[in-house]
Amino acid sequence: MEARLFDPLNPPEWLNPLWWVDQPHVNHIDNRVHQARLRSAADIAMSLARQFTEPDHLICDIGSCDGGLLELIAPEFFAFGYDVIEVSIKYGCQVRGVDLRYGNVTKDISLTFAPVVVCTEMLEHLEDPHGFLRYLKTTEVQYAVFSSPHSETAEYHEWNHAWAWDREGYAKMITDAGWEIVSHTDVEWSQQIVAKARG
C-alpha cells in the first residue's frame, strides 16, 4: 500500500522545504519515541561505512533535525548532515558539536553526500520521494538507511506527512527507484530498510 496524503493540485504549504526554515527546534534523540530508530540507523550506518577507507566524509544524515543521530556516530566516520530548520542546525553545531549544514536536498543539486546516507523519517515528508530516490542513486551514495512509519494509512497519519506506506509499499518504492534491498526490519513503530545502489 502506498497513499498520497495531499492533493497534488493544491499542495499544503509545509510541502515546500522553505516552510520549515523558521520552524521550532526539533530534538528527536532525547525523545524516547525516536531513540530506537535513531540508534539503530546510526549503528547500521557505521557498520556499512567500515568497508570504505577514504579519509573523508563517510556518512551523511539527510533531514538531520538537530543532529541527534550525528552525535551517535563515532568521530572516525567524519559524519555530516543536512537540514533546513535553521534553529535546529544552530543547536546541532553549537550544542551537539556536529557538522550540520543547511541544505535543501530536493532542490540543490550541488550538494554532496557520502558513500553511506541515512534518511530516517524523511521520505514521507517529500512531495516526490520517488524522484528523490532516483536522484540519490545517481550520486556518490552506495548504501542508504531508510526508515518510515510502518502502519500509517490514508486515514491515520501524522499531520505533516505527505505519504504513507505499509511494508510492501515502502519496499516497492525503493526497488522501483533502482535500489537493491539488503534488509527490511521493524524498529518499534518504524520500518527500516538498508539498500544498496544498483549499477
Pairwise side-chain contact, [X] with [Y], heavy-atom cut-off 4.5 Å (strictly under):
X: I62; Y: L136; answer: yes
X: D66; Y: H25; answer: yes
X: F52; Y: V116; answer: yes
X: I44; Y: Y143; answer: no
X: D61; Y: I73; answer: no
X: Q191; Y: F146; answer: no
X: D128; Y: Y135; answer: no
X: N160; Y: W19; answer: no

If hydrophobic clusters are built by linking Ile, Leu, Val, Met, Phe, Trp and Tyr wherever their side-chain heavy atoms come under 4.5 Å apart, do [X] and [Y] end up in the same one?
X: I174; Y: V187; value: no
X: Y91; Y: I85; value: no
X: L70; Y: V95; value: no
X: L5; Y: W14; value: no
X: I193; Y: M1; value: no

Residues in ring-ring contact (aromatic ring centres under 6.0 Å, His included) contact with [X], at least two apart in sequence or another chain:
X: H184; answer: none
X: Y170; answer: W165
X: Y82; answer: F80

Exercise. In sequence, state the C-alpha distance, the side-chain angles, and the governing distance for L123 and M173, and then conclude on side chain to side chain contact (heavy atoms under 4.5 Å, CB included).
Key: CA-CA 11 Å; L123 295 175; M173 173 181 66; 4.0 Å; yes

Exercise. Return yes if some donor-acceptor pair links the side-chain N/O of T175 with the main-chain N/O of A171 below 3.5 Å, else return no.
Key: yes

Quiz item: Looking only at atom types and distance, does a side-chain atom of E140 sit under 3.5 Å from a main-chain N or O of F113, one as donor and one as acceptor?
Solution: yes

Self-check item: Sequence-distant partners of R167, salt bridge (charged side-chain N to carboxylate O under 4.0 Å, His left out), two or more places apart
Solution: D186

Nearest atoms (heavy-atom pairs only) where [X] meets [Y]:
X: Q192; Y: A41; answer: NE2-N, 3.4 Å
X: V118; Y: A45; answer: CG2-CB, 3.8 Å
X: L100; Y: G92; answer: CD2-CA, 4.2 Å
X: P149; Y: E152; answer: CB-CG, 3.7 Å
X: G103; Y: V84; answer: O-CG1, 3.6 Å
X: S88; Y: C65; answer: CB-O, 3.6 Å

Quiz item: Sequence neighbours excluded, which residues qualify as side chain to side chain contact (heavy atoms under 4.5 Å, CB included) partners of E76?
Solution: A74

Exercise. Show your working on side chain to side chain contact (heavy atoms under 4.5 Å, CB included) between Q51 and Q142 and close with a plain yes or no.
Key: CA-CA 11 Å; Q51 66 189 285; Q142 297 188 44; 5.9 Å; no

Atom [atom1] in [X], atom [atom2] in [Y]: separation rounded to 0.5 Å?
X: L69; Y: E121; atom1: CG; atom2: CD; answer: 11.0 Å
X: T112; Y: R101; atom1: OG1; atom2: CZ; answer: 6.0 Å
X: T138; Y: L133; atom1: OG1; atom2: CG; answer: 11.5 Å
X: C60; Y: D99; atom1: SG; atom2: CG; answer: 9.5 Å
X: W163; Y: S148; atom1: CH2; atom2: OG; answer: 12.0 Å
X: L15; Y: N10; atom1: CG; atom2: CG; answer: 10.5 Å

Exercise. For E168, look at atom CD and say whether over 12 heavy atoms of other residues, nucleotides or ligands are found less than 6.0 Å away.
Key: no

Quiz item: Just wondering, more than 12 heavy atoms not from L18 lying within 6.0 Å of its CG?
Solution: yes

Exercise. Let me see the working for D83 and Y102 under side chain to side chain contact (heavy atoms under 4.5 Å, CB included), right down to the final yes or no.
Key: CA-CA 5 Å; D83 206 87; Y102 176 85; over 6 Å; no

Exercise. Answer with yes or no whether the side chains of R37 and S147 bring together a donor and an acceptor at under 3.5 Å.
Key: no

Quiz item: Taking only residues two or more places apart in sequence, or in another chain, which ones meet K107 in a side chain to side chain donor-acceptor pair (under 3.5 Å)?
Solution: none

